[in-house]
Amino acid sequence: MSSPSPQAAPGVKPKREMWSTRKVFILAAIGSAVGLGNIWRFPYVAYENGGGAFIIPYLVALLTAGIPLLFLDYAVGHRHRGSAPLAYRRLARGAEGLGWWQVAICFVICVYYAVIIAWAAMYMIFSVTEAWGDDPAGFFMGSFLQVSEDVNIGFDFVPMVLIPLIVVWAVVLLVLAAGVQKGIGRANIIFLPLLLVMFLILVVQSLFLPGAADGLNALFTPDWGALTNTTVWAAAYGQIFFSLSVAFGIMVTYASYLKHKTDLTGSGFVVGFANSGFEILAGIGVFAAVGFMAFSAGAEVGDVAAGGIGLAFIAFPTIISEAPLGGLLGVLFFGSLVFAGFTSLISIIEVIIAAVQDKLGMGRVKTTWCVGIPLALISILLFPTTTGLNLLDVTDAFVNNFGIMACALVTVLLVTYGFRKLPLLGGHVSEVSSIKLGLWWRVMVGIVSPTVLGYILISEVIKRIQEGYGDPAMPDWFVGVFGWGMAGALIVVSFLLSLIPWGRNSAANDPELDSPTLQEAQR
Amino acid sequence: MSTAAIVMLIIAIITVWGGLALALVNLNRHPEDDGAMPAEHAPEL
């Protein structure tokens with residue numbers, strides 16, 4: 001809770017924090033969904049999986065799984081007005097652990113996600129001087145990260161990462177301490193339009209580079225044969241799923257700050273399509289630039305195309321060095337990564353803060369520091385080191401594929417078949433929304449989503465067991481502890497947290513914070 | 001760019017950004033219930 005509002009009578013606890021308008025909620029939800037993955041993951045996934053033909057499985061995935069799961073999160077958070085653990089606890093006896101699982105996932109993600117924002121912030125500065133010289137790959141792994149050959153946990157700190165990381169944590173915690181509306185809302189109102197303007201300028205600049213048309217040609221030329229390939233469909237569902245920030249507590253938490261009568265489905269369609277709209281824009285901007293890179297090197301687009309860290313910190317510096325006004329291109333690209341990442345990081349940490357706040361009944365500012373400082377210390381201790389990159393790599397892969405994916409699968413199965421709450425949740429959303437959730441939504445959430453999620457999860461488990469992780473493969477003990485072990489520990493920890501009773505001061509025992517449905521409220 | 005690539009570029013833009021435009025139109029047709037505004041909100045919003 002924030003500090004008591006002036007309207008609150010002495011001794012009366014303030015009501016739950018709220019967004020001032022649904023516009024702020026929509027901006028915050030888009031800010032959360034639009035993250036690093038939109039910029040560095042989507043373009044390459046689309047290129048690898050059918051190019052122009054990918055738009056078909058991508059749209060099908062958006063409409064049959066992405067948006068329906070987004071509505072599920074909204075329904076749980078809005079109907080039960082609580083952080084993930086509290087909302088699931090109110091949804092059904094025994095469901096609280098699902099909420100803690102989501103909180104635990106956010107804990108792991110935020111500690112490494114902040115590091116990538118710190119890298120991008122440094123690369124904004126490096127872009128001006130082209131600090132990488134003529135060897136971007138060597139600079140990134142050597143001079144900048146000083147990556148150790150030893151795959152281990154070490155405490156050999158790299159000041160060029162450590163210092164910006166401390167700044168990232170300080171800024172993000174100050175925003176969160178300011179509260180839902182005045183902190184998170186305002187940050188998104190500023191950063192999201194800024195991101196859009198910067199990225200639009202980047203796209204225009206990229207489109208005027210020589211070779212841009214070849215890049216777009218490579219991205220959009222359809223390979224219709226790809227549509228018969230199940231891995232292409234799995235890639236489309238995976239992209240939509242990871243991109244929309246569904247099923248790990250963020251949208252549950254954000255929806256809990258909405259007032260009772262809010263058009264949830266109307267807002268959700270805007271969020272879903274805005275997120276995909278940004279991905280298409282990123283595809284155009286990134287592949288226009290990659291086309292230029294191929295043109296400059298006299299190579300094929302396919303030879304230089306990359307995704308993820310390779311695209312951002314190795315391919316883009318190469319493009320920046322070669323392009324006219326390269327410094328501007330660099331500042332725009334890395335600035336976009338910083339802003340897109342920052343609004344997502346805020347939402348990830350808010351899941352944890354909201355959960356602790358509800359559980360302990362503490363104020364917003366106190367909770368932010370009690371939660372934020374330990375998180376920042378763990379992040380600062382483990383990642384800005386010469387061994388941080390391998391740890392980041394393995395935790396990112398496993399928390400996504402075996403944390404979020406497994407948690408989403410278990411959640412939809414339990415909510416649909418265990419607790420049988422889909423009709424109740426769909427009814428609540430329909431009551432307050434412009435587009436009603438009928439049988440189609442229950443089929444998408446209860447049948448289509450678990451089928452696809454189950455297929456992707458099982459394929460990934462088999463692949464990891466057969467192939468190990470990393471290229472070259474990382475040591476088994478390292479993957480076992482920080483990959484499999486971490487993913488398993490999330491489940492154990494969430495189960496243990498769900499056993500801790502809710503105290504007298506917790507939000508669970510505060511009638512002001514309980515949420516009847518709108519219909520119940522009007523009775 | 002090949003004709004097929006240009007067509008798919010246009011289709012991608014129309015479906016996704018068109019979908020966003022439709023979603024915004026739908027949202028504007030269902031204005032917010034101002035009666036339920038929270039008591040305390042940032043004055044500039």
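Numbered from 1 within each chain, the chains take letters A, B, ... in sequence-line order.
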[X] side, atom [atom1]; [Y] side, atom [atom2] - distance, nearest 0.5 Å:
X        : Y         : atom1 : atom2 : result
Thr15(B) : Phe273(A) : OG1   : CZ    : 8.0 Å
Leu20(B) : Ser276(A) : CG    : OG    : 9.5 Å
Ile56(A) : Met8(B)   : CD1   : CE    : 5.0 Å
Asn26(B) : Ile435(A) : CG    : CD1   : 4.0 Å

(message) Checking the side chain of Glu32(B) only, and the main-chain atoms of Arg22(A) only, is there a donor and an acceptor separated by less than 3.5 Å?
(response) yes
(request) Identify which part of Leu219(A) has an atom lying under 4.5 Å from any heavy atom of chain B, answering side chain, backbone, both or neither. (result) neither
(request) Please look at Ser267(A) and chain B and tell me whether the side chain, the backbone, both or neither of the residue comes under 4.5 angstrom of a heavy atom of that chain. (result) both
(request) Determine, stepwise, if the pair Phe269(A) / Leu27(B) fulfils side-chain contact (heavy atoms from CB on, under 4.5 Å). (result) CA-CA 9 Å; Phe269(A) 272 108; Leu27(B) 195 68; over 6 Å; no
Tell me, out of [options], who's got the most heavy-atom pairs with chain B below 4.5 Å.
options                                    : value
Val271(A), Thr262(A), Thr265(A), Thr221(A) : Thr221(A)
Ser433(A), Gly283(A), Ala274(A)            : Ala274(A)
Gly52(A), Gly266(A), Gly51(A)              : Gly52(A)
Leu62(A), Leu59(A), Ile55(A), Val270(A)    : Val270(A)

Shortest non-hydrogen contact from [X] toward [Y]:
X         : Y         : result
Ala12(B)  : Ile280(A) : CB-CD1, 4.1 Å
Pro222(A) : Ala5(B)   : CD-N, 4.3 Å
Ser2(B)   : Asn217(A) : N-OD1, 2.8 Å

(message) Taking the side chain as everything from C-beta on, heavy atoms only, tell me whether Ile6(B) gets closer than 4.5 Å to Leu216(A).
(response) no
